[in-house]
Protein chains: 2
Amino acid sequence: MTTIKQVASYAGVSVATVSRVINETGYVHEDTRRKVEAAVKQLNYKPNEVARSLYKKKSRLIGLLLPDITNPYFPLLARGVEDRMQENDFRIIFGNSDEDRQKELDYMDTFTQNNVVGVISSTNDPDADCYAKLKIPVVFLDRTSSDSLSVYADGAYGGRLAAQEMVARGSKQITVLQGPTHIRPAQDRFRGAVEELQQSNITYHVVETTSFSFKDAESWAKELFRKHPDTDGVIASNDIVATAVIHEAHRLGKKIPDDVQIIGFDDIPLSSLLFPPLSTIRQPAYEMGWEAAGLLIQLIEQSQATKSSTPNLHSKILTHSSIQLPVKFIERETTRKVDYHG
Amino acid sequence: MTTIKQVASYAGVSVATVSRVINETGYVHEDTRRKVEAAVKQLNYKPNEVARSLYKKKSRLIGLLLPDITNPYFPLLARGVEDRMQENDFRIIFGNSDEDRQKELDYMDTFTQNNVVGVISSTNDPDADCYAKLKIPVVFLDRTSSDSLSVYADGAYGGRLAAQEMVARGSKQITVLQGPTHIRPAQDRFRGAVEELQQSNITYHVVETTSFSFKDAESWAKELFRKHPDTDGVIASNDIVATAVIHEAHRLGKKIPDDVQIIGFDDIPLSSLLFPPLSTIRQPAYEMGWEAAGLLIQLIEQSQATKSSTPNLHSKILTHSSIQLPVKFIERETTRKVDYHG
DNA sequence: TTGTATGCGTTATCAC
DNA sequence: GTGATAACGCATACAA
């Protein structure tokens with residue numbers, strides 16, 4: 001690796017001057033600039049980010065912590081984050097937490113030890129100590145917290161919407177799969193659905209579920225149709241679980257959507273490829289990642305500005321502006337057609 | 001952040017001593033050690049990885065470059081890499097290349113600028129300059145190169161296997177979807193399949209395809225049944241493409257597997273959830289990531305050893321030991337049952 | 001407009 | 001056994 005020193009001597013100037021031209025800071029004569037630029041090009045010089053990071057106490061790295069990239073919901077989030085970050089010259093240190101407290105802690109240590117300037121985390125406990133202690137901006141993704149910045153979809157409304165669409169399409173005996181109680185967004189949508197059902201005076205049952213794993217979901221699907229055989233509409237806690245319900249319905253010889261309608265949640269890429277293609281409530285995962293990254297970048301730039309200048313009254317300061325993105329009903333073929341519907 | 005200096009003064013010793021105890025290098029009196037350890041704990045000291053990296057010219061970071069984490073084949077690879085790296089206290093800077101040369105170059109710059117100690121890349125051009133110039137170990141994942149270390153699945157055999165199984169199950173008019181020509185593993189499996197078919201004296205046709213996108217695949221599926229309406233067996237270039245073929249077969253009212261058998265490639269998580277569940281050639285993606293990480297770690301440790309000591313004749317040096325992992329036929333329901341088959 | 005010198009937090013070398 | 005101190009590559013305050 002060629003260093004700034006080598007560039008300097010090659011160009012016949014001091015390191016300070018080289019630094020000035022590559023950072024476009026301070027005055028430098030046009031001729032000198034050209035000499036330096038030539039040297040930079042000639043030696044193919046790329047500044048050492050580590051040295052920069054050490055001196056400035058801040059890097060161009062951000063930390064991204066997701067529960068499990070293997071869960072089909074997360075790749076889109078990750079991609080949204082990466083694209084926006086890449087555009088703004090930030091790189092990503094990535095980790096899976098498995099929703100495990102210890103792994104989460106470890107990664108937060110990793111992040112701080114590497115001088116990351118911000119983190120995006122999809123955690124079940126945004127109020128955990130390790131986040132409060134962080135002295136850099138944090139944005140919570142897909143997980144809400146009362147007093148931290150976060151980007152999430154409108155789960156409660158999504159739940160209502162699922163219930164509305166199901167009722168509008170004629171289901172009378174609806175079973176709702178609750179979703180893991182420790183995952184806030186799962187509970188939001190569950191509550192939304194139940195509220196709507198209650199207001200509509202529809203008979204409904206609830207089956208408790210404790211994970212989003214397909215394997216577990218298969219047994220809940222069985223339980224569902226065993227305990228509530230008259231079910232003619234299932235609101236699943238997410239698309240994976242909905243998939244298991246579809247399978248079980250097939251197995252029982254039930255016609256979808258004539259005997260039973262099914263609505264999922266998320267709209268993961270898989271959903272449109274199922275048979276029948278799954279009607280679901282879409283969370284705009286890519287956009288969520290994108291927005292979270294944008295918010296974080298804003299916070300990062302803000303915190304730099306705050307430190308270096310006197311408070312600027314003209315620039316609006318972000319203190320608590322979480323972003324809630326809209327969800328949308330995606331009508332496919334596990335729900336019946338309905339005339340009035342646009 | 002607390003620094004080594006603070007720990008030193010808190011413990012009443014010099015920074016050198018603190019460094020010795022945290023790195024377990026050199027002599028240090030038992031009492032001193034205890035004092036330092038207490039200070040470390042008290043102040044919750046965590047060494048600054050950036051400063052370490054600057055001094056030692058090597059970090060605990062590795063670079064991972066994948067085409068697109070949004071493609072369902074890659075999350076498992078990534079997870080395999082992450083798990084193994086995490087176990088060995090390496091962290092990951094992650095990026096998507098979109099198979100775009102420029103993005104690839106940019107990420108290689110990022111990696112070197114951040115002092116990563118190794119990179120794992122899934123590139124179409126392992127012989128590209130940017131890899132040759134790298135002075136750190138590189139392992140190519142899922143992409144082969146004649147003279148670089150790589151971890152990949154036995155694509156040629158996978159192709160043969162697909163053809164064998166299809167023939168053994170009675171297909172007489174087989175169509176093979178070729179897969180993108182610029183993606184080496186796609187061509188390996190294609191050639192394998194074609195060779196097997198030729199040896200078996202089976203009539204077959206080839207439909208060219210240029211991507212793995214589902215959207216494109218839909219039109220190739222149409223083309224396939226239009227040009228070769230007698231097709232009673234399809235060997236798809238991967239599971240995504242196979243999915244499109246299933247859809248088209250449904251649309252045409254063809255019975256699967258009675259009218260047409262379909263075999264995919266990869267065994268992405270989606271495949272078992274399709275209807276009918278897709279028979280496919282499984283690549284052990286998670287294991288591949290895991291092995292690639294293991295190989296890279298070995299190379300990293302080796303290169304450190306080589307630098308610091310005189311060549312050790314007793315330790316075997318890895319110069320060219322690529323790892324080829326076995327593929328396997330996963331029998332599901334897009335292929336017919338056959339008696340002889342164990 | 002440019003150069004010198006200092007420090008960022010660590011590790012390693014060398015005296016003591 | 002332990003402590004100064006130089007060095008890693010860079011950016012900046014300050015002097016010139």
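Order of the sequence lines fixes the chain letters, A, B, ..., with proteins taken first and strands second; residue numbering starts at 1 for each chain.
Between B/Trp290 and B/Tyr286, the angle of the ring planes stays under 30°, which puts this pair in the parallel group of the 30/60° scheme. Between B/Phe94 and A/Phe94, the ring planes lie tilted relative to each other; the angle falls in the 30° to 60° range.
No donor-acceptor contact under 3.5 angstrom links the side chains of A/Tyr45 and A/Gln6, judged on distance only. Between the side chains of A/Arg91 and B/Thr110, at least one donor N or O sits under 3.5 Å from an acceptor N or O. For the residue pair A/Ser148 / A/Tyr131, no side-chain donor-acceptor distance below 3.5 Å is found, with atom types taken as modelled.
Here the P atom of nucleotide C/dG9 and the CG atom of B/Asn115 are 18 Å apart, to the nearest Å. Atom pair B/Asn48:CG and D/dG9:P shows a separation of 17 Å (rounding to whole Å applied). Taking atom CD of residue B/Glu49 and atom P of nucleotide D/dG9, one finds them 18 Å apart after rounding to whole Å. Atom NZ of A/Lys5 is separated from atom C1' of C/dT4 by 13 Å (rounded to the nearest Å). In this entry the distance linking CG of B/Leu54 with P of C/dG7 reads 16 Å, nearest Å. As rounded to whole Å, 12 Å separates atom P of C/dT2 from atom CZ of A/Arg34. Taking atom NZ on A/Lys35 and atom C1' on C/dT1, their separation rounds to 12 Å, with Å as the unit. Separating the NZ atom of B/Lys46 from the C1' atom of C/dG9 is a distance of 16 Å, rounded to the nearest angstrom.
Within 4.0 Å of A/Ser53, counting heavy atoms only, lies no atom of the nucleic acid at all. Within the 4.0 angstrom heavy-atom criterion, no nucleotide atom of any strand lies near B/Val50.
Looking at which nucleotide of DNA chain D each of B/His29 and A/Met1 is closest to, the 5′-most match is held by B/His29. Toward the 5' end of DNA chain D, the nearer of the two residues B/Tyr27 and A/Thr17, judged by each one's closest nucleotide, is B/Tyr27.
Judged by distance alone, the side chain of A/Ser122 and the main-chain N or O of A/Asp142 form no donor-acceptor pair under 3.5 Å.
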For every nucleotide of nucleotides 11-16 of chain C, 5' to 3': is a protein heavy atom under 4.0 Å from its base (B), only from its sugar-phosphate (S), or from neither (-)?
-> BB----
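Side chains of A/Val50 and A/Ser53 form no contact here, defined as non-hydrogen atoms less than 4.5 Å apart.
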